[in-house]
Amino acid sequence: MTETDTNIAQDVILDPPSNIEDGNSTVSEGPELIPVNKGGQIEDEVSRFSSAIWFNKIMSKEIVLAGCGGIGSYVGFLIGRMKPKRLILVDPDRVELGNLSGQFYSSEDVGMYKVNALGTFIARHSSFTVIDTVARKYRMGDFTRPIMICGFDNMDARKTFYSCWKDAVMATNPEDRGQYLFIDGRLAAEEFQVFAIQGWDYHSMERYEEEWLFSDEEAEATLCSYKQTSYMANMIGSVMTNIFVNFCANECGLVLPQEVPFMTTYRGDFMDFKVIR
């Protein structure tokens, strides 16, 4: 189903066509939105950061953002404002009234699929419309892109998403694996964790798999089962976006690379950031 204007279709369950393959430059799941340059408006909107070394790199990136709740809704909005090449939103859920306490939605969105509500919000507030919405679960063997950002709140979905990303990495020539980045955010009411794994970093892959891809039963006592607050969701969205920006900046050949740490944690009660490399 494809749109040729700036509207996002609402309340439609979208199934991917059979021709979706890794590396395809056009993803047609869901309504495809075509960017419109309104007399220089787009240039004006990015004028405060368009001279950044990472800007052109970000404009070349296609990103899969799966899980559009407390984490993904904020990440999607922040990345959309930087005008990537394409943003693919994946989530099977609809907005519920209870989501308004910690997710980036309004009362007008209640009942809509989260991907469509978020896509609409990004388009309205960022003039960014190169968005695909996939209102279903992400499945094993599904489409991938080098940049994949995980906002799921359950471990089974997280494992599937990560496994598909890693399979894509391993199917890529070793010299090209540095283009791959996986970011996983985990959120609680007053603390969060962010993991970042680059395609060349096999040690971090092993560490992540052995220490942090536990079962949903084990996760009951971890961050994912805690209640959310909007300010912490906003913070984790900013940190995850910052890591993505640093990754893109490092592709520009900086003499002193910017940080893309394996693990970043924050506790709001002590206002304590920790970075594990």
Side-chain angles (χ1 to χ4, degrees), residues 22 61 63-72 74-75 79 88 90-91 137-174 176-188 191-226 232-233 235-248 250-251 257-267 272-277:
D22 290 346
K61 301 298 185 184
I63 303 152
V64 180
L65 172 60
C68 296
I71 296 173
Y74 286 90
V75 173
I79 288 182
I88 306 164
V90 186
D91 194 301
K137 291 183 178 181
Y138 187 89
R139 301 182 285 236
M140 188 64 71
D142 239 333
F143 57 91
T144 63
R145 291 296 180 271
I147 309 295
M148 295 178 64
I149 301 177
C150 179
F152 289 124
D153 60 0
N154 72 87
M155 297 304 297
D156 285 343
R158 181 173 282 109
K159 288 177 182 178
T160 296
F161 195 59
Y162 169 74
S163 295
C164 290
W165 175 82
K166 185 179 178 182
D167 287 347
V169 171
M170 294 306 173
T172 301
N173 292 328
D176 296 326
R177 292 177 184 175
Q179 302 173 24
Y180 283 72
L181 175 67
F182 179 83
I183 303 177
D184 172 15
R186 307 184 188 188
L187 176 64
E191 60 183 305
F192 63 73
Q193 300 167 339
V194 178
F195 300 89
I197 305 170
Q198 300 180 71
W200 54 265
D201 192 349
Y202 312 119
H203 173 69
S204 290
M205 292 181 196
E206 181 177 351
R207 191 175 176 187
Y208 177 73
E209 293 161 18
E210 291 181 356
E211 299 179 25
W212 298 103
L213 281 184
F214 33 71
S215 67
D216 275 309
E217 289 73 20
E218 293 174 284
E220 286 300 317
T222 67
L223 301 180
C224 297
S225 61
Y226 284 32
M232 291 299 294
M235 286 187 70
I236 191 174
S238 296
V239 169
M240 293 169 72
T241 303
N242 192 166
I243 290 170
F244 166 66
V245 169
N246 286 0
F247 174 83
C248 293
N250 289 342
E251 292 188 324
Q258 298 187 17
E259 288 283 356
V260 182
F262 167 68
M263 183 178 181
T264 304
T265 66
Y266 178 75
R267 285 193 58 170
D272 180 34
F273 267 107
K274 291 183 180 178
V275 171
I276 300 172
R277 295 170 179 84

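We number each residue from 1, following the sequence as shown. Heavy-atom basis, side chains included; hydrogens, waters and symmetry copies ignored.
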Verdict with supporting geometry, E259 and R277, side-chain contact (heavy atoms from CB on, under 4.5 Å) = CA-CA 9 Å; E259 288 283 356; R277 295 170 179 84; 3.0 Å; yes

ask   = Are R177 and Y202 close enough, and set up right, to give a side-chain contact (heavy atoms from CB on, under 4.5 Å), and what steps lead you there?
value = CA-CA 11 Å; R177 292 177 184 175; Y202 312 119; 3.1 Å; yes

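- By the 4.5 Å heavy-atom criterion applied to side chains, D142 and V90 are not counted as neighbours.
- Between the side chain of N154 and the backbone N or O of A157, at least one donor-acceptor pair lies under 3.5 Å.
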task = Any chance you could lay out the side-chain contact (heavy atoms from CB on, under 4.5 Å) test for M263 and E211, step after step, and finish with the verdict?
result = CA-CA 12 Å; M263 183 178 181; E211 299 179 25; over 6 Å; no

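- With sequence neighbours excluded, no residue forms a ring pair (Phe, Tyr, Trp, His ring centres under 6.0 Å) with F247.
- Distance alone, capped at 3.5 Å, is enough to place a donor-acceptor pair between the N250 side chain and the Q258 backbone.
- Side-chain contact between I149 and I79 is present, with heavy atoms from C-beta onward closer than 4.5 Å.
- Smallest separation of non-hydrogen atoms from G67 and F152: N-CE2, 3.9 Å.
- More than 12 heavy-atom neighbours from other residues, nucleotides or ligands sit within 6.0 angstrom of NZ on K159.
- To the nearest 0.5 angstrom, M240 atom CE is 7.5 Å from L65 atom CG.
- With sequence neighbours excluded, no residue forms a salt bridge (charged side-chain N to carboxylate O under 4.0 Å, His left out) with D91.
- Remark: the backbone N or O of V64 is not paired with any side-chain donor or acceptor of R145 at under 3.5 angstrom.
- The minimum heavy-atom distance linking G178 with E251 is given by the pair O-OE2, 4.0 Å.
- Two residues are said to be in side-chain contact when any heavy atoms from C-beta on lie closer than 4.5 Å; F182 and V169 fail this criterion.
- The CG atom of D167 lies 9.0 Å from the OG1 atom of T144; values are rounded to the nearest 0.5 Å.
- Atom CE of M140 sits about 4.0 Å away from atom OG1 of T160, to the nearest 0.5 Å.
- Closest of all the heavy-atom pairs between A233 and G70 is CB-O, 3.1 Å.
- One distance of note links OH of Y180 with CE of M170; it measures 11.0 Å at 0.5 Å rounding.
- In this pair, F195 and W212 present their aromatic rings tilted. The plane angle is within the 30 to 60° band.
- P146 approaches W165 most closely through the heavy-atom pair O-NE1, 3.2 Å.
- Residues Y266 and V239 fail the side-chain proximity criterion, which asks for heavy atoms closer than 4.5 Å.
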message = Please determine whether side-chain contact (heavy atoms from CB on, under 4.5 Å) holds for the pair Y74 and L187, giving the CA-CA distance in whole Å, both sets of side-chain angles, and the decisive distance to 0.1 Å.
response = CA-CA 12 Å; Y74 286 90; L187 176 64; over 6 Å; no

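- Residues forming a salt bridge (charged side-chain N to carboxylate O under 4.0 Å, His left out) with K166 (at least two apart in sequence, or on another chain): E209.
- In terms of heavy atoms, P261 sits closest to A196 at O-CB, 3.3 Å.
- Here L213 contributes atom CG and M155 contributes atom CE; the two are 5.0 Å apart, rounded to the nearest 0.5 Å.
- Y138 has its side chain within reach of C164: a pair of non-hydrogen atoms, C-beta onward, lies under 4.5 Å apart.
- Taken from CG in D184 to OH in Y162, the straight-line distance is 10.5 Å, to the nearest 0.5 Å.
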